[in-house]
2 protein chains.
Amino acid sequence: MSDTPDTPDTAGFAATARSQTSRVRRGTGRTVLSDVAKLAGVSTATVSRVYNEPEKVSAAVRERVEQAALALNWFPNAAGRALASTRSHIAGIIIPTLDDQVFASQVSGMQAAFAARGITLVLGCSNYDPAQALVQVRAMLARGVEAMAIVGEAHPPELFDALRLYRVPYAVTYAYRKESPHVCIGFDNFAAYVQMTEHLIALGHRSFAVCIQPTRDNDRVQARVAGIRATLERHGLAVRPEHMCEGESTIAFGRRSLRSIWQAASERPTAVICGNDHIALGVLREAEELGIAIPHELSVTGFDDLEISKEIHPTLTTMRVDTHEIGKLTAQHLLDMLDGKRAQRGHEVRALLQVRESTGPASR
Amino acid sequence: MSDTPDTPDTAGFAATARSQTSRVRRGTGRTVLSDVAKLAGVSTATVSRVYNEPEKVSAAVRERVEQAALALNWFPNAAGRALASTRSHIAGIIIPTLDDQVFASQVSGMQAAFAARGITLVLGCSNYDPAQALVQVRAMLARGVEAMAIVGEAHPPELFDALRLYRVPYAVTYAYRKESPHVCIGFDNFAAYVQMTEHLIALGHRSFAVCIQPTRDNDRVQARVAGIRATLERHGLAVRPEHMCEGESTIAFGRRSLRSIWQAASERPTAVICGNDHIALGVLREAEELGIAIPHELSVTGFDDLEISKEIHPTLTTMRVDTHEIGKLTAQHLLDMLDGKRAQRGHEVRALLQVRESTGPASR
DNA sequence: TTGTAGGCGTTATCAG
DNA sequence: CTGATAACGCCTACAA
């Protein structure tokens, strides 16, 4: 049974001789840690220490190991590392879509902050579909993500259950609600639209239209609509159904919406609140075409403060949120969790109103 | 000397949870494959087969295993899988920045195509810095990426050497050059700007200005400038140094540039070629402020065809590239490589000229 | 400070 | 079609 003298792993056979040595080995032929150990004349444990706890290795030995690794062009295999240490050095983020600048810049902020700490970010897009988000989260859990960020809280309970079950620290981003059971890092969508609506009411507006993204499965947009409605209600006002337009986040949708609002039989609104700058840009564009004077005849507001919004005519009243900062703060929070710090209650970022030319006193 | 156990950086959350477990087993307490095997009354090998080669398992056993997995809420651990199978199911992409829509949508295209095949995409941003790109590629190689995409070919040779050494299939994206030693999937930046320049020359323009992104370390932008220069030269023309502006990709840079061009002592150009729509939007905006008639007094061109470009006044002449498609094609190519298909020569995507109101006949 | 040895969760080989 | 068992590459408790 045991007449073969060569112990398969730690014994010293040359790197090249390896593949021929035994029939059982399935190896890839790549340089591995033990090759480096052999060349440096140290144990595998020492090589590992050089890369994980360098202060515990003498300078001379460290130097020798680094030389050997360089000579063999070796670097640690992440799968082996992850398996042995139960640390994957991976974090995940789920966003609705990269096609929206606000999410892209949030990813960008997180990516940079994580990379600085040697953590790789893996990205999943849900396309605004809760089922897809759940699938992505499960896949990331399987990958062994150490932390996760996810946009919004309108997700299946199983999603958060899974996160808790696996004890993966996570944060809900982009949205912020004080009452949320999750750690939230973002802004209060409800409050932001309250502020915007109050701005218009203060200007004397009493008749409103709303052009907004799909509310389905989207807590952020729902909160915005709720903010508008609550504020109007407080002033004894409401949006007529025919002045409530819901559709995709495009210039084209904004144009279509204003046309239908203008052609409706009911009294025309004096203000249009849009779900974001894209839609507002479309409304402005269509207004120009219909010969509607902005803001004299109609006030228009957006959200996001795109670079273009202060350059067009008339310049667009909108709100600005630093989404890059949201990403950075989220990464910092998650890194703190990984470092064993106590959990925060979340972090509220301000949405800042930018009053420009597209809003003015109501004409009626 | 140093019996202090605190490793400042990499030691983390794992430490606390661990100490309670048995001294021998370091396990995480998570459900593992063998638990499923036990519950289903089969061997671990069979469980593995159910998920990797289901056709080799009888329907009855398969059913039993699936039930057990569901009951225990088990799913395979990626690190263990990667280690044992030498397949990581990870692909990587390196882009300059997510803050540019064209790269974000390329990532989006790849991500979707890969996800459909169970491959996770990991993202790295180089911030237009070749050194950072190299670091990111090495990190991804360590992660065991099975394939890689990287924007542009202006990278350190070590980067491509590493890719070749590890036999990782890769593609250069966004840029396409027939003579490139790499598989390229993108469009010909040189040819695109030749076409744009020819468009203006055909309109009678003889005096040009150029406002473009930084050329340093950026082969795509360099190719664009070369395309402009070569075309002009063929017609016996050239850009005066004071009409050559290089700067960041923003509306503000476009505005600044036009102002300086207009204030220069030399004869004013009749056309401004911009490196992208952002810059062109700035030029248009500043022209309006300076009272320059577009296109009568000055023609302006962009690149990318942003949604806004056909909505502003005057509408912008630009070029359109389907970057989402580039991402999708790249993923398909890389998947083909992983499936062992023969390498393609790359794939050229067309950049389409969109002639609009911002270009017209030269006035001089 | 360094070495030894066993384990991390899964897959692959080979025998039954 | 199924099971036993040895890798996969690295980390870490413990011993020296």
Side-chain angles (χ1 to χ4, degrees), chain A residues 4 7-11 18 21-37 40-62 64-65 74-89 142-144, chain B residues 1-3 5 7 10-11 14-15 18-19 21-38 40-62 64-65 74-89 142 144:
Chain A
T4 114
T7 41
D9 236 301
T10 50
R18 222 145 163 270
T21 313
S22 81
R23 225 166 294 128
V24 270
R25 192 181 165 82
R26 293 181 274 134
T28 53
R30 244 119 108 150
T31 334
V32 297
L33 187 145
S34 58
D35 298 331
V36 176
V42 298
S43 73
T44 58
T46 298
V47 175
S48 175
R49 281 190 205 103
V50 167
Y51 287 84
N52 296 301
E53 312 165 288
E55 71 284 358
K56 292 192 174 178
V57 179
S58 71
V61 172
R62 202 188 313 154
R64 232 169 51 225
V65 169
W74 172 85
F75 41 82
N77 169 303
R81 219 153 101 91
L83 197 50
S85 67
T86 62
R87 282 269 272 146
S88 66
H89 299 273
R143 286 241 107 83
Chain B
M1 251 183 185
S2 66
D3 58 350
T7 41
T10 50
R18 272 251 197 87
S19 40
T21 8
S22 94
R23 226 164 297 129
V24 201
R25 185 163 212 277
R26 291 182 283 133
T28 52
R30 247 120 105 148
T31 328
V32 297
L33 186 144
S34 58
D35 298 332
V36 176
K38 213 178 319 164
V42 299
S43 72
T44 60
T46 298
V47 175
S48 176
R49 281 190 203 102
V50 168
Y51 288 85
N52 296 301
E53 314 165 288
E55 71 282 359
K56 293 192 172 175
V57 179
S58 71
V61 172
R62 204 188 312 155
R64 233 170 47 226
V65 169
W74 171 86
F75 40 84
N77 170 300
R81 221 153 102 89
L83 196 51
S85 67
T86 64
R87 285 265 278 142
S88 67
H89 300 273

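Since this is a predicted model, take the numbers as computed values, not measurements. The sequence lines fix the lettering, A, B, ..., with proteins before strands; numbering per chain opens at 1.
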Worksheet item: What's the closest nucleotide to the A:Val32 side chain, out of C:dG9, D:dG9, C:dT1?
Response: D:dG9

Worksheet item: If you check every side-chain atom of A:Leu83, which of D:dC14, C:dC8, D:dG3 has the closest atom?
Response: C:dC8

Worksheet entry | Exam field: side chain A:Ser88 to backbone A:Ala82, donor-acceptor pair closer than 3.5 Å | no

Practice prompt. Can you tell me the distance, in whole Å, between the CG atom of B:Asn77 and the C1' atom of C:dC8?
Written response: 8 Å

Worksheet item: Which part of the nucleic acid, if any, lies within contact of B:Val42, taking any heavy atom under 4.0 Å across all strands shown: a base, the sugar-phosphate backbone alone, or nothing?
Response: sugar-phosphate

Worksheet item: A:Val61 has a side chain; which of C:dT2, D:dT12, C:dC8 sits nearest to it?
Response: C:dT2

Response to the item:
Applying side chain to side chain contact (heavy atoms under 4.5 Å, CB included) to B:Arg81 and not counting sequence neighbours gives B:Asn52, B:Pro76, B:His89

Discussion item. Between B:Thr46 and D:dG3, is there a contact of a side-chain N or O with OP1 or OP2 at under 4.0 Å?
Written reply: yes

Discussion item. The side chain of A:Ala45 is closest to which nucleotide in this list: C:dG3, C:dT11, C:dG9?
Written reply: C:dG3

Practice prompt. Take atom CZ of A:Arg87 and atom P of D:dC11, then tell me their distance rounded to the nearest Å.
Written response: 12 Å

Worksheet item: Closest to the B:Pro76 side chain: D:dC11, D:dC14, C:dT10?
Response: C:dT10

Fill in: A:Ser85, nearest nucleotide to its side chain (from C:dT1, D:dA13, D:dC11)
D:dC11

Item to complete: Identify whether any heavy atom of B:Val47 sits under 4.0 Å from a base atom; if not, whether one sits that close to sugar-phosphate; answer base, sugar-phosphate or nothing.
Response: nothing

Practice prompt. For A:Gly80 and for B:Asn52, locate the closest nucleotide of DNA chain C by heavy-atom distance; then report the residue assigned to the nucleotide nearer the 5' terminus.
Written response: A:Gly80

Worksheet item: Under 4.0 angstrom, heavy atoms only, what part of the nucleic acid is B:Glu53 near: base, sugar-phosphate, or nothing?
Response: nothing

Worksheet item: Taking CZ from B:Phe75 and P from C:dT11, how many angstroms apart are they, rounded to a whole number?
Response: 14 Å

Worksheet item: Are OP1 or OP2 of C:dT11 and a side-chain N or O of B:Thr44 less than 4.0 angstrom apart?
Response: no

Discussion item. Rounded to whole Å, please give me the gap between CG in A:Leu33 and P in D:dC10.
Written reply: 5 Å

Worksheet entry | A:Arg49 side chain to A:Pro54 backbone, donor-acceptor under 3.5 Å | no

Practice prompt. Give A:Ser48 one of three labels, base, sugar-phosphate or nothing, depending on what nucleic acid heavy atoms sit under 4.0 Å from its own.
Written response: base

Worksheet item: Tell me: OH of A:Tyr51 to P of D:dT12, nearest whole Å?
Response: 16 Å

Practice prompt. State, to the nearest 10°, the angle formed by the axis through the first five base pairs of the helix from C:dT1-D:dA16 to C:dG16-D:dC1 and the axis through its last five.
Written response: 30°

Item to complete: Could you pull out all residues at least two apart from B:Glu55 that satisfy salt bridge (charged side-chain N to carboxylate O under 4.0 Å, His left out)?
Response: none

Worksheet entry | Spacing of A:Lys56 atom NZ relative to C:dT2 atom P, expressed in whole Å | 12 Å

